[in-house]
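Residue numbers begin at 1 in each chain, while the letters A, B, ... track the order of the sequences.
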Amino acid sequence: MADASDLKEPGRRDFLYIATGAFGALGVGVAVWPLIDQMNPDASVKALASIEVDISSVGEGESLTVNWRGKPVFIRHRTAEEIQASVDTPLSELKDPQTDAERAEKPEWLIMVGVCTHLGCIPLGEAGEYNGWFCPCHNSAYDTAGRIRKGPAPTNMEIPEYEFLSDTKIKIG
Amino acid sequence: MSGHSTYVPKSDAGKWLEERLPIISLMHSAAVSMPNPRNLNYWWVFGGIAMFMLIVQIVTGIILAMHYTPHADMAFNSVEHIMRDVNWGWLLRYTHANGASMFFVAVYIHILRGMYYGSYKAPREVLWLLGMLIYLLMMATGFMGYVLPWGQMSFWGATVITNFFEVVPFIGDDIRTLLWGGFAVDNPTLNRFFSLHYLLPFVILGVVVLHIWALHVPGSNNPLGIEPKTKQDTMSFHPYFTMKDLYAIVLFAIILFYFVFFNPNFMGHPDNYIPANSLVTPAHIVPEWYYLPFYAIVRAIPDKALGVAGMFGAILIMFVVPWLDTSKVRSAKFRPAYRIFFWIFVVNGLLLGYLGQVNTTDDFLGIHGVTNLIISRIGTIYYFGFFVVILPVLGLIEKTKPLPNSISEAVLGVEGAAEEAAELAAAEAKA
Ligand code: HEM
Ligand code: FES
């Protein structure tokens with residue numbers, strides 16, 4: 001029998017080793033995946049993914065907070081001054097530049113996930129230096145369009161997917 | 001000092017077992033005949049105390065799990081049910097809750113003892129690494145346990161901590177969703193935390209066994225930081241150290257039960273008696289006290305990703321201490337400069353702990369114009385500076401004091417040690 005160390009060219013045996021090893025690794029990966037993926041959101045969690053909200057009772061300068069996917073969604077009927085303050089802000093002053101139009105489909109309705117993008121606290125409304133939202137956890141201040149202006153939060157508050165079903169009804173998610 | 005067992009089975013059953021599984025001689029060498037340096041002081045009792053606390057947590061925890069319901073709608077009430085209806089439930093829960101705190105007290109002292117006396121230096125690096133692994137697992141266990149009562153602090157603490165993982169590049173979002181099992185902290189999160197909170201203490205127990213194994217190869221370090229040379233330098237573990245450890249455990253238990261009986265909520269937060277509400281954040285979120293120094297570091301760094309990296313870095317850097325410290329001398333007794341930096345490190349740690357629970361924008365201790373944030377930043381810089389500058393540099397430039405020849409000489413004086421050695425030799429010759 002030939003000594004394996006004499007072989008210069010990769011032999012049949014090397015091929016078998018690598019092929020077996022690769023196949024084994026693949027098998028372990030396939031077996032482990034369900035063990036990890038079971039932790040991801042399950043069908044019942046995903047089923048609650050969208051809600052419909054009646055906004056007819058929310059007057060100008062008022063807000064409504066609804067629960068969507070376990071998180072608060074702020075629905076704010078903005079005042080003219082609030083919209084103006086947001087529109088007048090130059091993009092160069094923003095850490096995460098977005099225009100007011102990108103923030104609100106209809107300027108008077110700001111609909112966003114009320115979760116601070118720093119570590120997930122819920123900011124307080126009509127508060128803080130920019131009269132928008134203020135997060136008491138580590139002092140992040142958002143403006144009247146929910147854009148981050150000051151503090152440790154890295155990005156603007158998230159705008160969820162939503163659509164106006166009518167003038168007084170929206171669907172979130 | 002493995003293989004020091006002097007155990008000889010006397011009974012036939014003992015011999016039979018010894019030939020098949022030498023487990024009794026293993027335990028005998030670990031807890032009875034193991035030679036220990038004769039000069040160990042009381043800072044050496046905290047390992048035994050930590051072991052005791054782990055057992056207290058496991059026993060009380062298993063019983064609590066018999067009455068607790070891991071469901072978002074029922075968890076809070078089931079804990080109140082434990083407090084009000086279950087026989088002795090209040091005692092078990094208060095012991096478990098305060099026990100977790102006292103476990104951390106013991107482990108923090110145990111770690112600082114190792115840092116003061118240089119116990120992490122060769123040949124005890126693996127012992128140190130296993131200890132740090134236990135500490136990391138304890139942090140995870142304590143965090144997930146605190147989520148179980150499903151109060152406001154449980155919920156929002158879990159929210160803040162799981163959000164840390166979002167900063168991981170590219171897959172941060174996916175990791176967070178995976179931890180939550182949803183789009184926010186919710187029932188699936190509570191379920192899995194309960195499962196893991198039950199599991200991890202047993203993983204800790206396994207690592208503790210390895211930790212003790214790694215201790216028994218080189219043996220214990222001691223306040224002088226020099227290795228025992230002769231039999232004269234050591235005493236057997238039992239009865240000398242078993243009794244000393246037991247005595248310390250009793251004293252420690254008195255402190256634990258002072259809290260359990262007279263001040264059970266002192267280390268807790270009143271907001272955790274408000275059921276979790278995903279739509280209202282408490283005005284002031286604080287983690288349990290044992291995470292506060294790290295929380296202060298997160299808040300001291302203005303950038304989110306860097307802050308989180310700083311916090312994890314602050315924990316992970318302790319793993320590599322054996323390779324950061326360049327000094328050949330172990331004990332701070334002989335390192336006059338290190339001793340000062342060490343105590344500043346301890347005070348700085350307490351200071352960061354204080355800063356972790358106050359409002360960052362307020363004035364530090366009422367000193368006008370000096371905010372808590374500024375002091376947190378100074379504390380953070382010292383924390384890291386201690387590891388990456390002071391430890392490596394000091395070892396190269398510090399003038400250390402001369403080391404004694406042996407432990408016995410240091411304890412009894414040169415003449416005393418010689419006298420004792422002569423007596424021992426005479427006794428041996430007689431026998
Ligand atoms: C390393 C050891 C352990 C630590 C540090 C630890 C820590 C904690 C903490 C901090 C709490 C919250 C207490 C409160 O505020 O109410 C808790 C709760 C709980 N733990 Fe543990 N634990 C440990 C071991 C275990 C084990 C082994 C089990 C079960 C087998 C367990 C079962 C429970 C249960 C059921 C609760 C919820 C009831 C309650 O909140 O009092 N624990 N744990
Ligand atoms: S969570 Fe809002 S500032 Fe930190």
Chain A heavy atoms under 4.5 Å from [X]: which part of the residue, side chain, backbone, both or neither?
X: B:Val280; result: backbone
X: B:Phe155; result: neither
X: B:Asn359; result: side chain
X: B:Pro302; result: backbone

Over all heavy atoms of both residues, which pair between [X] and [Y] is shortest? Give the atoms and the distance, please.
X: B:Thr159; Y: A:Gly120; result: CG2-O, 3.5 Å
X: A:Cys137; Y: B:Ile285; result: SG-CD1, 3.5 Å
X: B:Ser278; Y: A:Ile122; result: O-CD1, 3.2 Å
X: A:Val45; Y: B:Gly182; result: CG1-CA, 3.9 Å
X: B:Ala283; Y: A:Pro136; result: O-CB, 3.8 Å

Got a second to check how far [X]'s [atom1] is from [Y]'s [atom2], nearest 0.5 Å?
X: A:Arg69; Y: B:Asp186; atom1: CZ; atom2: CG; value: 13.0 Å
X: B:Ile161; Y: A:Leu119; atom1: CD1; atom2: CG; value: 9.0 Å
X: A:Thr65; Y: B:Leu279; atom1: OG1; atom2: CG; value: 7.0 Å
X: B:Leu178; Y: A:Gln38; atom1: CG; atom2: CD; value: 8.0 Å

So what's closer than 4.5 Å to chain B heavy atoms on [X]: side chain, backbone, both or neither?
X: A:His118; answer: both
X: A:Asn139; answer: side chain
X: A:Leu124; answer: neither

Take atom [atom1] in [X]; do more than 12 heavy atoms of anything else shown fall under 6.0 Å from it?
X: A:Lys95; atom1: NZ; answer: yes
X: B:Phe202; atom1: CZ; answer: yes
X: A:Tyr17; atom1: OH; answer: no
X: B:Phe384; atom1: CZ; answer: yes
X: B:Ile171; atom1: CD1; answer: no
X: A:Glu161; atom1: CD; answer: no
X: A:Lys106; atom1: NZ; answer: yes

Original post:
Which one, B:Phe164, B:Trp180, B:Phe183, leads in non-hydrogen pairs under 4.5 Å with chain A?
Top reply: B:Phe183
Subject >> Partner chain A: residue of B:Asn191, B:Thr177, B:Asp303 with the largest heavy-atom pair count (under 4.5 Å) >> reply: B:Thr177
Original post:
What residue, out of A:Lys46, A:His138, A:Met39, has the most heavy-atom pairs lying under 4.5 Å from chain B?
Top reply: A:Met39
Subject >> Residue among A:Cys121, A:Cys116, A:Gly114 with most heavy-atom pairs under 4.5 Å to chain B >> reply: A:Cys121
Subject >> Test item: A:Lys71 side-chain N/O and B:Ala184 main-chain N/O as donor-acceptor pair under 3.5 Å >> reply: no
**OP:** Please answer whether the main-chain N or O of A:Thr155 pairs with a side-chain N or O of B:Lys304 as donor and acceptor at a distance below 3.5 Å.
**Re:** no
